[in-house]
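See below for the structure under consideration.
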2 protein chains.
Amino acid sequence: MTATSQHHWSADPAEVLRVGPGFRLSDVDPDSTPGYEGGKKAGEKDLASGAAQFDELQERLFAQSRLDDGAPSLLLVLQAMDSAGKGGIVRHVIGATDPQGVHLKAFKKPSDEELAHDFLWRIEKEVPKAGYIGVFDRSHYEDVLIGRVRELAAPDEIERRYGAIADFERRLTEGGVHIVKVMLHISHDEQKTRLQERLDRPDKHWKYNPGDVDERQRWPQYMDAYQAVFDRTATEAAPWFVVPANAKWYARLAVQALLLDALERIDPQWPAADFDVEAEKARLAAT
Amino acid sequence: MTATSQHHWSADPAEVLRVGPGFRLSDVDPDSTPGYEGGKKAGEKDLASGAAQFDELQERLFAQSRLDDGAPSLLLVLQAMDSAGKGGIVRHVIGATDPQGVHLKAFKKPSDEELAHDFLWRIEKEVPKAGYIGVFDRSHYEDVLIGRVRELAAPDEIERRYGAIADFERRLTEGGVHIVKVMLHISHDEQKTRLQERLDRPDKHWKYNPGDVDERQRWPQYMDAYQAVFDRTATEAAPWFVVPANAKWYARLAVQALLLDALERIDPQWPAADFDVEAEKARLAAT
């Protein structure tokens, strides 16, 4: 675990946060900071040094793909209840690297055209190409989360989707897309505090949606739907990680560590030149 | 010029860098740092403080658009000879803000499908939506730059395009897209140094393309083609700015200042809530 070896991790976040057999969401304390020995101040410092590492690995990943269409890519799937901090992850973790190598997609309520297709149709189009770091802010998992809680599809269709997702993700990973799935886990109380703040501050009103309270009223059903997601779609190829997110600094640091871990396993290399370097030097010198 | 008032600017970059009547590209010294009194160190410090300002204005721009589909957007068009630093602008200037509010598009050699349409067809699709900061890394101007130098289209078609571009950009600005067009201007010698470095360093080989030297051999024709672009498409609605770019720190600072100037003219405001704030507070409190 070279990514985090000089830091304050006492355990590998890719191990302690991973959804394994027998995982129960209700056992996770949203206030906890699993595997990390430092506090907020140390965490912010570690986030900054991790950012430099993330940036370098991203450049290699991108470079490697320029001469190889079959080179790997990385896909971060972000799911959470409202106000859990998805936006902060994009801004503070993903935002630390070159925007030119990032493909970010926020999935909203499906359009009529999207609804006329299978639920994975709009997802497939946004899978990151070779060399890119893709980020899904919400994803196909909405179709088995709000889809289940709000009964937007029949129960047998919801059942079908779990299997379709597992097949889909296996196909992506076989094609070189490394998938990291993260649920940011805040508590019911913490969400109340955060929504309250959005209502209290006029410069945050634009982030508030009355629908957020509607979904909040179905909190237990959502937790059940997440549990079903973990039971059915946490695979070897595309693991789920549940990140306690009441402490924003911890959530950002942990997601960064998960991405660093994935990038180090990819271990991207600078590509060899596909031209004659000496000949080009001579050609350039003559100009 | 509040954007730069505490900084080391002695003149408004939006004035001194702007292509006005009688502008001659050959009069611009790529080593110069027009309007800026500080050196590299001061410039880097000013870039960092400008980044915070840029980030705040971007958030307001984005927020404003959430409740208003007709809200303004900002489009930065970046043109330059190879190695002039477009990528560095994206990384260090644009990269300072939230990736969620940025729409970045690098235009490569057109595909067969794109060539089967008018040259503006693929451009139109990438115009930033309300609230977004769009960045074109190369653009429709390639169709009158390489298009002219390489004679990829007949002279009368090239002629037609200048007018079509002016009409297109006027339509965009009337629709709320604020356009800032920037040419990063490096010297012939500086390009040689930079390409040489790419050849000398194995970790930079992926950035080198033998075609870069082919285009370099046509340097004077490109300068003429840029001059024609300025003569024909520098309009009140969509001005051109030529930014001396031998000093990377200056180019980044200057482009940031141009964007800050545009954002301040847009003057985005936090939107008023489209819901009953007190009623929502009560609803939330009850959960």
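Labels below follow one simple rule: chain letters A, B, ... track the order of the sequence lines, proteins then strands, and each chain is numbered from 1.
If you measure heavy-atom distances from B/R283 to chain A, the contacts under 4.5 Å come from both the backbone and the side chain. No part of B/N209 comes within reach of chain A, as not one of its non-hydrogen atoms sits under 4.5 angstrom from that chain. A/D212 does not touch chain B: none of its heavy atoms, backbone or side chain, sits under 4.5 Å away. Contacts between B/K105 and chain A at a heavy-atom distance below 4.5 Å are absent for every atom of the residue. The part of A/R216 that comes within reach of chain B is its side chain, from C-beta onward, which places non-hydrogen atoms under 4.5 angstrom from that chain. B/V102 does not touch chain A: none of its heavy atoms, backbone or side chain, sits under 4.5 Å away. If you measure heavy-atom distances from B/Q217 to chain A, the contacts under 4.5 Å come from the side chain alone. Both the backbone and the side chain of B/D214 come within contact range of chain A, judged by heavy atoms closer than 4.5 Å. Residue A/Q100 touches chain B through both its backbone and its side chain, counting heavy-atom pairs closer than 4.5 Å.
Of all non-hydrogen atoms in B/L195 and B/Y208, the two that sit nearest each other are O-CD1, 4.3 Å. Contact detail for B/V277 and A/H205: the closest heavy-atom pair is CG2-CE1, 3.6 Å. Heavy atoms only, all atoms of each residue included: B/A84 and B/A245 are closest at O-CB, 3.9 Å. In plain terms, the two heavy atoms of A/Y141 and A/V77 that are nearest each other are CD1-CG1, 4.1 Å.
With respect to A/E197 and A/R201, a salt bridge is recorded, a charged nitrogen being found less than 4.0 Å from a carboxylate O.
Between the side chains of A/Q79 and A/E142, a donor-acceptor pair is found at a separation under 3.5 Å. A donor-acceptor pair shorter than 3.5 Å cannot be found between the side chains of A/Q191 and A/D189.
Taking non-hydrogen atoms and a 4.5 Å limit, the residue list of residues 54-68 of chain A in contact with chain B, ordered by number, reads A/D55, A/E59, A/F62, A/A63, A/R66.
Using a 4.5 Å heavy-atom threshold, the side chains of B/S73 and B/K129 count as separate. The closest side-chain heavy-atom distance from A/F136 to A/L75 is below 4.5 Å.
More than 12 heavy atoms of other residues, nucleotides or ligands shown are found within 6.0 angstrom of NZ on A/K281. A 6.0 Å sphere centred on NZ of A/K204 holds more than 12 heavy atoms belonging to other residues, nucleotides or ligands.
Tested against A/E114 for a salt bridge (charged side-chain N to carboxylate O under 4.0 Å, His left out), the candidates A/R122, A/K109, A/K125 yield a single pass: A/R122.
Counting heavy-atom pairs under 4.5 Å between each of B/P271, B/P210, B/A285 and chain A puts B/P210 at the top. Here A/G87 is the residue among A/G87, A/A279, A/A96, A/A272 with the most heavy-atom pairs under 4.5 Å with chain B. The choice from B/D274, B/D276, B/L199 that makes the most heavy-atom pairs within less than 4.5 Å of chain A is B/L199. Taking B/I94, B/L104, B/D137 one by one and counting their heavy-atom pairs under 4.5 Å with chain A, the maximum is reached by B/L104.
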